[in-house]
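Letters go in sequence order (proteins before strands), and every chain restarts at 1.
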Amino acid sequence: MSEPRDSLFEAPPLADQERMVEAILFATADPMTPTQLAGRLPHGCDPVTALAAVRRRYAGRGVHLVRVGEAWAFRTAPDLGFLMRHEVVETRKLSRAAIETLAIVAYHQPATRAEIEEIRGVGVSRGTLDQLIELGWVRLGQRRMSPGRPVTFIVTQGFLDHFGLETARDLPGLKELRAAGLLDSRTVPGTEEEPVETQDDLFERSPDGAG
Amino acid sequence: MSEPRDSLFEAPPLADQERMVEAILFATADPMTPTQLAGRLPHGCDPVTALAAVRRRYAGRGVHLVRVGEAWAFRTAPDLGFLMRHEVVETRKLSRAAIETLAIVAYHQPATRAEIEEIRGVGVSRGTLDQLIELGWVRLGQRRMSPGRPVTFIVTQGFLDHFGLETARDLPGLKELRAAGLLDSRTVPGTEEEPVETQDDLFERSPDGAG
Amino acid sequence: MAQDQITPPEMGVADRIAAEALIVDVGAFEGPLDLLLSLSRTQKVDLRQISILALAQQYLAFVENARALRIELAADYLVMAAWLAFLKSRLLLPPDPTDDEPSGADLAAHLAFQLERLEAMRAVAARLMARDQLGRDVFARGITEDVTRVRRISYTASLLDLMQGYARVRTRDDFRPFVMDRDNLMTMEQALDRMRHLIGFAGTWTDIASWLPGDWTGDPVRRRTATAATFAASLELVKEGRIDIRQGDAFAPIHVRKRAPRDV
C-alpha cells in the first residue's frame, strides 16, 4: 500500500540524509532515537543507515556519535575529556580539628580513636580521620592488643615528607614547645609533659627521648 | 592527562590538534577566538592552522565551521534550517524602530544617539537601544571626541553571530551605500560643520578598503 | 501659512485623495520624515530626481487637511511644515546673491539626501532581517558541555600549625596560650588586615565610617574602638602610599579612596 506521497517526493540521496542527521543531532538538546529522527527527516529517509554513515565518518574524530540507550548523540571523544576540565588547585588550611587530631596521632602513635578523643577532650568525627587518611598523612596501624582490638592510627612517610621530618621522633616535646614560646610558661604544676609514658615503641626506641 | 609534562615541550601532532579544536568547539554554543582556544589546548598548539583544517573538513557537511568576527563556531548548514523547526525558540518580534536603529548602528558605527535620531528623523526611545543591548547585539563604543563627548553605539560579535556575518564589512549592501555617499555624515547646510570623523573607524581600519 | 495654495496646480485629484488617506493613519508614521518619505512615493521617481518643491507642497497640503479635519498633529509635524513653507519660498524666489543663508537648492538637496538615506537604511534593515538568523535558520550546538572547573583542594598545614595544635590540646584545660580577653577591642592590625582586602574596591571617596565591620557598629564601645583602629589603619595605608585621605572640616566625616597606581 504505497501512499501517494512516495511517488511525489523521492527520498533525498543518502549523502544528504547523512548531512541532515548530522545537523539534527548537532542542534538538538537531547539524544534522538531513529524513530524521532525519522519524524524530522523528509519522507522516505532511512535514519538507521544514515546514523551508521555518520558514525563511521566521526570515527577517530574529536567528537563521536555514541549510542545512549535507544538514542544517539554526539559526544566528545573520551580521550579528549581532559580538554573539558579546567583544574583549579585551591590551597586551604587544614581545620583546627584535623590539625589537632593529626598532632595527636603524630605525638602518640599508634593511637586509637578513643585515645585521640580522650586527649582532645572532644569526639573525633569520622570525617576528620578520613580526611587525614585521604591526604595520605595518616594510615591504619596494627590493631591494639586490648579488649575490642581497636584499630590504631599512625602517620605516614607522606606526612614526614610534608612536614620535613626524618621521623616522628623529631617532633619537639612540650618542654621545647614552651622554650620556643609556643606555650605559655605559666604551666599549671602537675601537668608536666607526659607523652613519654603514653608513648609507643617508636618513641621508646628513640635514643634521646621525647625531650 | 597521563603525561602533562610532555605537552609542555612538544605540541601534539596537527591531526590531534585538529581533533581537539573540533571537540572544544563542539562542546560550546559560543564562538571562540584562537586565543581562547590556545588557552584550552596543550602548550605549543597552533589554533589558527587547526581551525583552517577543521573548516576544510566540515565544508559541505551538515554542520559548518563559521567565522564570527575574530571567533569561530560550529553552526548547522543554512540549507538544513527547515529540519530544525523544533529547535526554533520564539523570540519577541522586534519593532520597526528597533530594526531600523539596529541597521543604523551596524552601517554607521560607531553611531551616537543624535546621529540615529538624525537619520530616522525621530527621537530614539530609551527602550529601543536598551532592547538591542539586552539582545547582545549592540554595545557601547568609545565616546566621540566631539563637544559633549557623546557615547557611541557599535554592534557586537553576538550580532555578527546572529546574522551569520563574518565581519561587519560583510553587511549586505554596504559597498553600494558607501559608493552612493549614503553613509557620509552630511550636516544641514548652514549649520556648524561637525568634525568629519563621524565615520566609523572599524571600517576604515579594514585592510581591504571599502569592504 | 500658505492659505492660498492649499491645492497647488501640480497636485492632481488622485494625489489629494492619497494625501487625505494618509491623514487617517497619521499615527502610523514615525515622524515627519517618515511621512515625507511616504508622500515622495506618489511622485513615482527615483529619490535622487524627486521634486522637493512638489513634496513640500504635498506636505503642506497634508497639514492643512489635517487641520480642516481637526486632527491633532504633534509639534514636530508643525515645525516641519513651517520649515517646508520657508524652503518653498526659497525655492520659488530667485536667489539673493547678498544673502549669507544657504540657498533653497542646498536645503532641498539635503532633504533629498535625508530621504534617500532613510529609505536606504530601511532597505538594508530588511535585507539584514531576511538573512539566515541564528536560532531560526541556523543553529548552534544543542548539547553543550561546559568546561567543568575541577577544584582540587590541596590542604596544607605547617609544622608550626601542628605543634601549636598539639600544644593547644595538651594545655587546653590549664590555660590558653596567646589569648587575651579583648572581645571589645579592635586592633589596628585587624583593621589594617580588613582594609587591605577592601581598599582595592574604593575607587571613589568613601567615609571611613562605612568601613567598620557590621558587628562593630552597634555597641558604642565596639564602635569607638573600631573607628579608632580603622582611622589608625587608614593613616598607615596613607603612609604606604596606597590610599588618599581627606577631611573637609573639623569633625567632618573622614573620607579615603584608593590611590590611583600612576600617582604612586
Using non-hydrogen atoms only, which part of [X] is less than 4.5 Å away from chain A: side chain, backbone, both, or neither?
X: Arg57(B); answer: side chain
X: Ile24(B); answer: both
X: Asp79(B); answer: side chain

### Query
Do other residues, nucleotides or ligands put more than 12 heavy atoms under 6.0 Å from the CD atom of Glu70(A)?
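No.
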### Task
Look at atom CD of Glu134(A) and say whether more than 12 heavy atoms of other residues, nucleotides or ligands are closer to it than 6.0 Å.
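Result for CD/Glu134(A): open.
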### Query
Taking side chain as C-beta onward, heavy atoms only, is Met20(A) less than 4.5 Å from Phe82(B)?
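Side-chain contact under 4.5 Å: yes.
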### Query
Do Phe26(B) and Thr76(A) have side-chain heavy atoms sitting under 4.5 Å apart?
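No; the side chains remain at least 4.5 Å from each other.
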### Parallel, tilted or perpendicular, as decided by the 30° and 60° cut-offs, for the rings of Tyr58(B) and Tyr58(A)
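Correct class here is tilted.
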### Query
Has the side chain of Arg19(B) got a donor or acceptor atom that lies under 3.5 Å from a matching backbone atom of Gly60(A)?
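Yes.
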### Message
Determine whether a donor-acceptor pair (N or O, by modelled atom type, separation under 3.5 Å) exists between the side chain of Arg40(B) and the backbone of Leu83(A).
### Response
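Pair found, side chain donor or acceptor close to backbone of Leu83(A).
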### Message
If we define contacts as heavy-atom pairs under 4.5 Å, which of Arg75(A), Glu18(A), Glu22(A) has the most with chain B?
### Response
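Most pairs with chain B among the choices: Glu22(A).
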### Task
May I ask you to name which of Ala15(A), Pro42(A), Gly62(A), Gly81(A) has the most heavy-atom pairs under 4.5 Å with chain B?
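Among Ala15(A), Pro42(A), Gly62(A), Gly81(A), the one with the most close pairs to chain B is Gly62(A).
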### Message
Please find the pair of heavy atoms, one from Leu80(B) and one from Ala23(A), that lie closest to each other, and give the distance.
### Response
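It is CD1-CB, 3.7 Å.
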